[in-house]
K.L.:
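Below is one structure. I have some questions about it.
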Amino acid sequence: MDTLGLAPTEIWASHSDKRLNSSLAYVAKLLKVPVAGINVEQVGSTDSEQFVSRKIPSITIHSLTQDTWDARILHTSKDRFAAIRLDDYYQTYLLLAAYVAFLDMVPRSATPNTH
């Protein structure tokens, strides 16, 4: 999880495990909440890169969009609590709580794989 609450839930799809992506999309569909793949290679990196380099499945969930990037919030004087959109943050929280519960209940071999 990196930079949550600036917009609805996004996945850095190109840097995340396909099964974890599919599982999150499945849970989001069940909850009827939006989730989209927004790749942020041009922005920087994230802590999960350490897992990828060691072939450990990972997923990067964030809220960066072109608009939030263009607003120049990250690592500036605008990067404070007031920038968080609480409705988006809470929706991401609910999605992630359900996602973790789903991952705990379903064997890895049974997780949805639509890719």
K.L.:
Would you check, one step at a time, whether the test side-chain contact (heavy atoms from CB on, under 4.5 Å) holds for Leu24 with Ile59?
P.N.:
CA-CA 9 Å; Leu24 184 66; Ile59 184 170; 4.1 Å; yes

K.L.:
Working to the nearest 0.5 angstrom, can you tell me the gap between Ile61 CD1 and Met1 CE?
P.N.:
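Going from the CD1 atom of Ile61 to the CE atom of Met1 covers 7.0 Å.
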
K.L.:
With sequence neighbours excluded, what pairs up with Leu6 under the side chain to side chain contact (heavy atoms under 4.5 Å, CB included) test?
P.N.:
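Leu6 satisfies side chain to side chain contact (heavy atoms under 4.5 Å, CB included) with Thr3, Ser63, Leu64, Thr68, Ile73, Leu74, Ala83 once adjacent residues are dropped.
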
K.L.:
Would you sort out whether Thr65 and Glu10 count as a side-chain contact (heavy atoms from CB on, under 4.5 Å), showing the intermediate values?
P.N.:
CA-CA 8 Å; Thr65 64; Glu10 312 288 352; 3.6 Å; yes

K.L.:
Considering residues at least two apart in sequence or located in another chain, which fulfil the side chain to side chain contact (heavy atoms under 4.5 Å, CB included) criterion with Arg54?
P.N.:
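Testing Arg54 for side chain to side chain contact (heavy atoms under 4.5 Å, CB included), a comparison that skips the adjacent residues, returns Gln50, Ile56.
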
K.L.:
Roughly how far, to the nearest 0.5 Å, is the NZ atom of Lys78 from the CZ atom of Arg72?
P.N.:
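With rounding to 0.5 Å, CZ (Arg72) is 8.5 Å from NZ (Lys78).
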
K.L.:
Donor-acceptor pairs under 3.5 angstrom involving side-chain atoms of residues 89-105: please list them, not counting sequence neighbours.
P.N.:
from	atom 1	to	atom 2	distance (Å)
Thr92	OG1	Thr9	OG1	2.6
Thr92	OG1	Asp88	O	3.0
Tyr99	OH	Leu20	O	3.0

K.L.:
Do side-chain atoms of His62 reach the backbone of Ile38 as a donor and acceptor pair under 3.5 angstrom?
P.N.:
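Yes.
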
K.L.:
Tell me, yes or no, whether the heavy-atom count around Asp70 atom CG, taken from other residues, nucleotides or ligands under 6.0 Å, exceeds 12.
P.N.:
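Atom CG in Asp70 is packed in, count exceeds 12.
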
